[in-house]
S.K.: 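Questions regarding the structure given below will be posed in turn.
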Amino acid sequence: MTARFLSMLIAAALAGGCAVPPGAGPTPVEAACPAETAGDATRWLAAVETGQEAEALRLAAILAPASRMRPADPAYAAFFTAEGMDPAFLAAGFGHWDYQAWSHAAFFAGLARDTVAGRADADRALFEAVAAHLTDPDPPNPGAFWPFRIWQAGRGFCDRQAWVLAELFYQRGADVKIVYLRDPVTLESPHTITQVRHEGRAMTADPLSEIALPGVTVAQVARDPELARRLWPDNRSWQSAITAAALWVPAYPQDYAPRNQLLQERLRACLGTRAPRFGEDPAARLQAWPAEREGMPTALWFYPLRLLNWEMLYG
């Protein structure tokens, strides 16, 4: 696997990697954070990392009080309704499903940090970790198969592996997209991959195939048959399907809720990059790197909403 990845490596494009370097001390924003708020934020993070759900929920309500929350975006309510999820979730108070999202984010933040520790090439370290840890196919009866559970199971189809890779890179500060390859005629998807962007650098990655193209976006692959052949030398259908690919922002349902957006803002102000990433406005994530949408459909991903709705009803 390592040899295949290295054979695709474009060293110049990877200079500096995609990692967000941890700060040695408080940033100016953190220094301006009131001591009491900073203490609550630190205690919130400790509660999430040690599995203290009730305490994490209590502290979240202090850090992000209902009185300070803006109304839910009507467009998000319509999106929830269209995907079969009750839009009342957007205006509810903090609860178990929020804690679940926090704990999953904290897990991947820690896993990403541990994976890249001591590695000169953070991008390669994250890619290799996913390609080595996850195998195809899904386990039997996986239930609500979130990236956290996919990692725990060590198994998953291509779309599962792509999502796990996206979560790891996201926690390192990257913009990530789930990419459905689509047959140009039927628009049915035979395969799923990941696109990563950070500080002007890009990578198109297929963990199932254990191949990545650093320095290359999905749009570039779609326009260049030679790049497509480098990704999948023996699969012409995938080479063709990337020309009609669709890109999705893998935001969790909890991210659409104003309570989590406010909580993330408060945590980021007090903890800086020590705060796991969640609750970032999906619309803002959709607008990131707008140039990539030239000829490439890009939208908010429907699947996480359907998955949480299923888990809330049957999980």
Side-chain angles (χ1 to χ4, degrees), residues 1 4-5 7-10 13 18 83 123 126-128 130-131 134-138 142 145-147 150 155-170 174-198 201-251 285-286 288-307:
M1 181 271 293
R4 295 190 72 189
F5 180 81
S7 69
M8 314 303 288
L9 196 62
I10 303 175
C18 282
E83 296 304 328
D123 291 12
L126 293 177
F127 178 83
E128 289 182 347
V130 174
L134 298 180
T135 59
D136 188 38
D138 287 355
F145 219 26
W146 299 103
I150 297 167
R155 295 174 60 183
F157 285 116
C158 58
D159 53 343
R160 322 291 195 179
Q161 296 188 28
W163 198 4
V164 168
L165 184 66
E167 287 301 299
L168 280 170
F169 271 99
Y170 179 64
D175 169 76
V176 294
K177 300 290 190 301
I178 298 297
V179 183
Y180 286 178
L181 308 190
R182 301 187 302 174
D183 181 279
V185 177
T186 67
L187 295 184
E188 293 183 359
S189 177
H191 191 46
T192 303
I193 60 175
T194 309
Q195 176 177 276
V196 176
R197 278 186 182 266
H198 184 70
R201 297 180 295 276
M203 180 167 68
T204 298
D206 181 357
L208 178 67
S209 300
E210 300 182 355
I211 299 176
L213 291 178
V216 177
T217 66
V218 168
Q220 288 174 299
V221 178
R223 294 191 298 265
D224 189 336
E226 178 56 32
L227 288 174
R229 283 192 291 270
R230 289 172 63 189
L231 271 175
W232 308 293
D234 301 318
N235 196 316
R236 291 189 177 182
S237 65
W238 293 359
Q239 295 172 23
S240 174
I242 199 168
T243 64
L247 282 64
W248 304 96
V249 176
R285 292 180 63 181
L286 180 62
W289 306 102
E292 77 186 17
R293 295 200 300 277
E294 184 176 349
M296 305 295 293
T298 307
L300 300 174
W301 200 20
F302 56 87
Y303 180 71
L305 273 67
R306 297 179 184 179
L307 186 61

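If you're wondering where the values come from, they're calculated on a predicted model, not measured in any experiment.
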S.K.: Please check this pair: side chain of Thr204 against backbone of Gln195, looking for a donor-acceptor N/O pair closer than 3.5 Å.
M.R.: no
S.K.: What residues, two or more places apart in sequence or in another chain, satisfy side chain to side chain contact (heavy atoms under 4.5 Å, CB included) together with Ala162?
M.R.: Ile178, Thr192, Thr194
S.K.: Would Arg197 count as a cation-pi partner of Phe169, with NZ or CZ less than 6.0 Å from the six-membered ring centre and within 45° of the ring normal?
M.R.: no
S.K.: Among residues at least two apart in sequence or on other chains, which ones pass side chain to side chain contact (heavy atoms under 4.5 Å, CB included) with Pro137?
M.R.: Arg155, Phe157
S.K.: Can you tell me how far apart OG1 (Thr217) and CG (Leu227) are? Round to the nearest 0.5 Å.
M.R.: 9.0 Å
S.K.: What's the separation between atom CH2 in Trp301 and atom CG in Leu307, rounded to the nearest 0.5 Å?
M.R.: 9.0 Å
S.K.: For the residue pair Val179 and Val218, what are the closest heavy atoms and their distance?
M.R.: CG2-CG2, 3.8 Å
S.K.: Among all residues two or more places apart in sequence or in another chain, which pass the salt bridge (Lys or Arg N to Asp or Glu O under 4.0 Å) test with Glu188?
M.R.: none
S.K.: Got a sec, which residues hit side chain to side chain contact (heavy atoms under 4.5 Å, CB included) with Pro225, two or more places apart in sequence or on another chain?
M.R.: Arg229
S.K.: Indicate the atoms forming the closest heavy-atom contact of Gly215 with Gln220, along with that distance.
M.R.: O-OE1, 3.7 Å
S.K.: Ser209 and His191: which non-hydrogen atoms are nearest, and at how many Å?
M.R.: OG-NE2, 4.3 Å
S.K.: Report the residues that fulfil salt bridge (Lys or Arg N to Asp or Glu O under 4.0 Å) with Arg236, sequence neighbours left out, ordered by chain and then residue number.
M.R.: none
S.K.: Using the side chain to side chain donor-acceptor pair (under 3.5 Å) rule, collect all pairs that involve residues 156-165, keeping only residues at least two apart or in two chains.
M.R.: Asp138-Arg160, Arg160-Tyr303
S.K.: Name each donor-acceptor pair under 3.5 Å that joins a side chain in residues 239-249 to protein atoms two or more places apart or in another chain, with its distance.
M.R.:
unit_1, atom_1, unit_2, atom_2, d
Gln239, NE2, Trp232, O, 2.6
Thr243, OG1, Ser240, O, 2.5

S.K.: Taking all atoms of both residues into account, what is the closest heavy-atom pair of Pro250 and Glu167, and its distance?
M.R.: O-OE2, 4.1 Å
S.K.: Is there a side-chain contact between Asp175 and Val196, using heavy atoms and a 4.5 Å cut-off?
M.R.: no
S.K.: Test of understanding: with side chain to side chain contact (heavy atoms under 4.5 Å, CB included), list the residues that count as partners of Ala222, not counting sequence neighbours.
M.R.: Met296
S.K.: Tell me, please, which residues at least two apart from Trp238 pass side-chain hydrogen bond (donor to acceptor under 3.5 Å, both in side chains).
M.R.: none
S.K.: May I ask you to test the Val176-Arg285 pair for a side-chain heavy-atom distance under 4.5 Å?
M.R.: yes
S.K.: Apply side-chain hydrogen bond (donor to acceptor under 3.5 Å, both in side chains) to Asn235 and list each qualifying residue two or more places apart in sequence or on a separate chain.
M.R.: Ser237
S.K.: Of all residues at least two apart in sequence or in a different chain, which pass the salt bridge (Lys or Arg N to Asp or Glu O under 4.0 Å) check with Arg223?
M.R.: none
S.K.: If you take all heavy atoms of Pro304 and Trp146, which pair is closest and at what distance?
M.R.: O-CH2, 3.5 Å
S.K.: If you round to the nearest 0.5 Å, how far is CG of Leu181 from CG of Leu187?
M.R.: 12.5 Å
